2 protein chains.
Amino acid sequence: MTHPLRQHIEEIIDLTDEEFEYIFSHFETVKKRKHQYLIQEGEIAQKEYWILKGCVKSYFLDENGKEHILRFAMEHWWITDYESFVIQTPSNIYIDCLEDCELLYISYENRDKLTSEMHKMERFWAKKSKLGRIALQKRILSLLKNSAKERYDLLLEQYPKLFQRVPKKMIASYLGVSRETLSRLNS
Amino acid sequence: MTHPLRQHIEEIIDLTDEEFEYIFSHFETVKKRKHQYLIQEGEIAQKEYWILKGCVKSYFLDENGKEHILRFAMEHWWITDYESFVIQTPSNIYIDCLEDCELLYISYENRDKLTSEMHKMERFWAKKSKLGRIALQKRILSLLKNSAKERYDLLLEQYPKLFQRVPKKMIASYLGVSRETLSRLNS
DNA sequence: ATGAAAACATGCCATATATCAATATTAAAA
DNA sequence: TTTTAATATTGATATATGGCATGTTTTCAT
């Protein structure tokens with residue numbers, strides 16, 4: 001049975017068994033329990049995570065201590081603070097587990113190493129970066145043109161599973177509305 | 001005197017004279033007058049532009065014909081519809097000139113060619129893509145946590161030149177507020 | 001230079017959403 | 001299970017922002 005990470009990478013580029021073995025040797029596994037952090041504000045992100053099992057959120061705390069959720073990530077999604085990871089500067093965000101999680105991660109150094117050693121992986125990550133950018137663009141568009149209700153419906157349509165796994169107040173934070181408003185959208 | 005495009009690329013990677021010459025041979029120059037389009041909805045983006053002189057906006061028209069501005073671009077900025085350009089699907093957006101413009105552009109094919117022929121350029125564009133993603137992330141954060149007034153002040157602080165060149169109603173559209181509201185923010 | 005169009009400002013009112021408070025519901029912990 | 005904490009709902013009200021109408025100013029095209 002092929003490893004899910006291999007399946008994931010092969011959605012973009014094909015790999016030989018040896019290539020995948022080599023790539024995989026650059027990853028580590030870690031388990032985290034609900035409420036544990038992957039990254040905290042002030043740290044420099046040293047790892048990019050790939051989720052085997054579980055669900056996490058990345059968020060930012062404003063001056064009033066209010067939480068603004070940047071994104072969620074579930075099985076087979078990548079997550080880190082890309083700003084901190086790419087530029088290697090202290091992070092402004094937190095990432096923590098909403099459920100008990102099983103994670104793969106690759107260190108900054110190993111990612112760098114793989115990028116220069118394996119052109120295929122350089123292309124893989126380049127493609128991922130492009131797709132990530134497109135997804136963010138779409139979210140901006142949605143924030144500009146859609147009402148809270150519309151954004152809610154779109155999210156529900158796109159990620160129905162999310163709604164069974166994360167509290168509504170976090171959905172609200174992700175959408176940029178108060179939890180009370182979200183609670184009233186259905187009626 | 002070094003070409004501004006060379007200066008721009010060399011902010012990220014160093015080039016020999018020959019390398020720049022070669023890269024540059026893949027670009028074309030074009031002049032556009034105010035109100036002319038670089039891309040229209042429905043077209044597949046075939047070119048990525050680099051602005052030598054002038055100012056453009058990229059925007060989306062919603063069902064009611066309301067314009068939502070995704071971004072502006074001025075001298076030494078890149079612009080295209082990345083979604084359309086990267087995936088080669090029909091565009092949902094328009095890009096047009098706010099002033100008479102002088103532009104360089106590279107075709108999709110030439111960019112692809114350069115990416116595979118010159119590893120330096122592959123790295124250049126990968127870096128640009130990462131930085132673009134980080135910028136979009138920041139904008140989302142700003143839309144989530146800042147009020148209209150705060151977003152206005154932040155934009156003014158970051159791109160003061162923009163305010164002298166583009167109508168306020170477009171700034172409003174970029175910020176996601178009505179022109180009337182923007183007009184009232186200063187008081 | 002002149003008329004037309006675009007951009008801007010402001011008053012008025014409608015609406016969406018935030019905020020605060022009280023309570024109900026559900027989930028987690030002891 | 002019982003207790004406690006987290007989450008969700010609902011009402012009352014405040015606030016921010018939107019949309020329309022109108023007048024003014026600026027810019028643009030001829």
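Just so it is clear, the structure is predicted and the values come from calculations on it, not from any experiment. Lettering of chains follows the sequences in order, A, B, ..., and the numbering in each one begins at 1.
Comparing D/dT7, C/dT17, C/dT19 against the side chain of A/S178 picks out C/dT19 as the nearest. When the nucleotides D/dG18, C/dT19, D/dT9 are ranked by their closest atom to the side chain of A/K168, D/dT9 comes out on top. For B/S183, taking side-chain heavy atoms from C-beta onward, the closest of the listed nucleotides D/dT10, C/dA9, D/dT17 is C/dA9. Out of C/dT10, C/dA18, D/dG11, the shortest distance to the side chain of A/R184 is found at D/dG11.
Residue side chain B/R179 does not reach the base of D/dG18 through any donor-acceptor N/O pair under 3.5 Å, judged by distance alone. Side-chain atoms of B/E180 stay outside donor-acceptor range of the base of C/dC8, with no qualifying N/O pair under 3.5 Å.
Both B/T181 and B/K34 lie close to DNA chain D; mapped to their nearest nucleotides by heavy-atom distance, the more 5′-ward contact belongs to B/T181.
Rounded to whole Å, atom P of C/dA27 lies 15 Å from atom NE2 of A/H35. Note: OH (B/Y152) to P (D/dT17) measures 14 Å, nearest angstrom. Between the CD1 atom of B/I171 and the P atom of C/dA6 there is a distance of 19 Å, rounded to whole Å. Between the CG atom of A/L98 and the C1' atom of C/dA27 there is a distance of 15 Å, rounded to whole Å. Whole-Å rounding puts the A/L182 CG to D/dT7 P distance at 14 Å. The interatomic distance linking A/L185 (CG) with C/dA18 (P) rounds to 9 Å, in whole Å. If you measure from atom NZ of A/K169 to atom P of C/dA18, you get 16 Å, rounded to the nearest angstrom. A/E150 places its CD atom 14 Å from the C1' atom of C/dT17, with the value rounded to the nearest Å.
For the residue pair B/H8 and B/W77, no side-chain donor N or O sits within less than 3.5 Å of a side-chain acceptor on the partner. Side-chain polar atoms of A/Y82 and A/E48 form a donor-acceptor pair below 3.5 angstrom. Between A/T89 and A/S84, the side chains place no donor N or O within less than 3.5 Å of an acceptor N or O (distance only, hydrogens not considered). With 3.5 Å as the limit, one finds no donor-acceptor pair spanning the side chains of B/Q7 and B/H76.
Listed pair A/K149 / C/dA16 fails the phosphate criterion, with no side-chain N or O lying under 4.0 Å from OP1 or OP2.
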> How far apart are the C-alpha atoms of B/W50 and B/Y105, what are their side-chain angles, what is the distance that settles it, and do they pass the side chain to side chain contact (heavy atoms under 4.5 Å, CB included) test?
Replying inline: CA-CA 6 Å; B/W50 192 73; B/Y105 68 80; over 6 Å; no
